[in-house]
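Labels below follow one simple rule: chain letters A, B, ... track the order of the sequence lines, proteins then strands, and each chain is numbered from 1.
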2 protein chains.
Amino acid sequence: MKTRDKILLSSLELFNERGERNVTTNHIAAHLAISPGNLYYHFRNKSDIIYEIFLEYEKLVDFYLDIPEDRPLTLEDMTFYLESVFDGLWSYRFFHRDLEYLLDGDRRLRQDYREFTNRCLDAISRIFEKLAEAGIIEPQPDELRAAMSLNVWLVITNWMAFLKTAHAGEESATLTLTELKQGIYQVLTLEVPYLTSAYRERVMALRERYRPQLPETAVAPQAQTAEASLIKN
Amino acid sequence: MKTRDKILLSSLELFNERGERNVTTNHIAAHLAISPGNLYYHFRNKSDIIYEIFLEYEKLVDFYLDIPEDRPLTLEDMTFYLESVFDGLWSYRFFHRDLEYLLDGDRRLRQDYREFTNRCLDAISRIFEKLAEAGIIEPQPDELRAAMSLNVWLVITNWMAFLKTAHAGEESATLTLTELKQGIYQVLTLEVPYLTSAYRERVMALRERYRPQLPETAVAPQAQTAEASLIKN
DNA sequence: GACTCACTAGAGTATATACTCTAATAATAC
DNA sequence: GTATTATTAGAGTATATACTCTAGTGAGTC
């Protein structure tokens with residue numbers, strides 16, 4: 001494997017593990033047992049490394065969110081989209097964590113990310129449209145569908161931050177892909193009131209599969225009162 | 001005003017303006033025209049400053065999210081809660097931006113923030129419960145209400161990041177309280193399918209007041225197709 | 001064997017950052 | 001007034017960080 005690719009791979013790994021802010025170019029070089037000079041031969045600066053990683057992420061998501069125009073969507077399609085999006089979030093999880101800072105420092109990235117977001121929002125909206133066509137959810141006016149899609153995006157992109165900050169035990173760090181995918185439960189929660197009676201049972205069963213297993217005080221207080229929850233914490 | 005309070009105030013101001021990561025203790029001291037030593041006389045370190053600011057934030061939100069147990073909730077109450085929460089987010093907007101990093105470096109803060117989140121989630125859930133009691137929204141099973149509350153929280157806490165990253169023009173920075181409060185539109189979108197017929201009209205009218213004014217491609221593609229939107233970007 | 005050229009090592013640097021230390025001054029108590 | 005305490009200034013420091021510079025090395029070409 002080429003040094004350049006090794007740098008990208010190691011950077012992604014370290015960024016995901018420790019957060020971009022805590023990973024210096026010297027760390028990356030040390031981790032690969034190459035010299036800083038070598039790293040800077042392949043990349044002009046740290047921003048360039050991050051930008052290239054973003055391009056990979058973008059390509060991955062764009063690939064998975066390609067929506068077939070020639071056939072209706074199925075429940076399996078929807079599951080695939082959700083699984084894929086959360087897989088992507090997991091693989092590049094450092095990215096959303098320091099997003100604002102990263103965009104502040106790189107004009108290209110800011111521009112590209114904006115367009116990327118818009119493509120994702122359009123894709124989500126298209127998916128809802130086609131789910132309605134397939135009779136899985138009730139059709140909704142454009143305006144409501146757009147606002148719903150945006151909420152889906154907000155839930156998806158913020159789910160991990162929630163897990164890491166509110167949900168995590170004493171020490172953070174321990175976050176698994178399985179936990180992350182409980183975000184699918186949250187996304188499906190948004191769909192619940194729009195499900196058609198024909199599909200309601202099936203989607204609710206699907207949703208149940210992603211329900212958080214342990215009774216988490218933070219995630220699903222369930223049948224406990226506000227008071228009981230306060231005491232427990 | 002005491003130097004200590006001036007430090008807290010200036011820190012908050014600078015953090016909000018430039019992001020915690022871009023503000024050093026030396027910047028804060030310089031901004032106040034005091035010496036770094038003076039700053040470190042009043043605070044052991046930067047984390048301590050942030051922690052105290054968090055305590056203020058926490059107190060503010062807890063104050064506003066106090067839910068009356070002796071009377072039913074009205075639409076006006078709900079509006080007040082939403083307005084207050086977004087006001088709080090605005091005043092301490094640096095906080096959620098660098099949340100993960102901040103929690104990583106301060107155990108107290110991590111613990112306190114977890115409890116804070118749980119209190120907020122409980123409050124949101126209580127509000128939904130009381131809105132149902134008041135006949136504004138249809139009552140829902142505990143489990144669904146908990147998941148909905150969590151989605152509300154995710155939308156609220158991520159709305160600003162969305163504005164700053166996806167929505168902003170070429171240069172970031174320009175973000176107003178008015179734009180921020182369009183987040184209320186997004187939160188009310190979550191309630192739409194649960195509204196009772198008795199209140200539907202009134203809540204939809206309220207929601208309309210927070211609708212983004214300009215036709216934002218990112219926020220509300222409205223009647224445009226996915227293709228048209230892609231070309232525009 | 002001379003030459004090219006992609007690639008690499010490793011020491012080095014300018015700057016920033018969080019924080020410390022000492023000495024001095026202002027405020028308050030007695 | 002004197003003693004004590006709270007507050008402040010300002011120079012200084014250890015470390016980190018992003019990045020540079022010079023001097024190569026080794027594989028292929030003619």
What are the bounds, 5' to 3', of the part of DNA chain D that sits under 4.0 Å from heavy atoms of chain B?
D/dA6 to D/dG10

So A/F80 and A/Y64, would you call those rings parallel, tilted or perpendicular, with 30° and 60° as cut-offs?
perpendicular

Do any of residues 24-37 of chain A sit with a heavy atom less than 4.0 Å from DNA chain C, and if so which?
A/A33, A/I34, A/S35, A/G37

Between C/dA26 (P) and B/K2 (NZ): distance, integer Å:
17 Å

Between C1' of C/dC7 and CD1 of A/I7, the distance in whole Å:
11 Å

Assess, by modelled atom type and distance only, whether the side chains of A/T165 and B/Y113 contain a donor and an acceptor separated by less than 3.5 Å.
no

Is it true that A/Y51 and A/D112 share a donor-acceptor pair across their side chains at a distance under 3.5 Å?
yes

Under 4.0 Å between a Lys/Arg side-chain N and an Asp/Glu carboxylate O for [X] and [Y]?
| X | Y | result |
| --- | --- | --- |
| B/E56 | B/K59 | no |
| B/D142 | B/R145 | yes |
| B/R21 | A/D104 | no |

B/R4 or A/V23, whichever maps to the more 5' nucleotide of DNA chain D:
B/R4

Does C/dA6 have OP1 or OP2 sitting under 4.0 Å from an N or O in the side chain of A/H42?
no

Where do B/W90 and B/N16 come nearest, in terms of heavy atoms and distance?
O-ND2, 4.2 Å

Applying the side-chain contact (heavy atoms from CB on, under 4.5 Å) criterion to A/L39, which one of A/I7, A/N26, A/N45 satisfies it?
A/I7

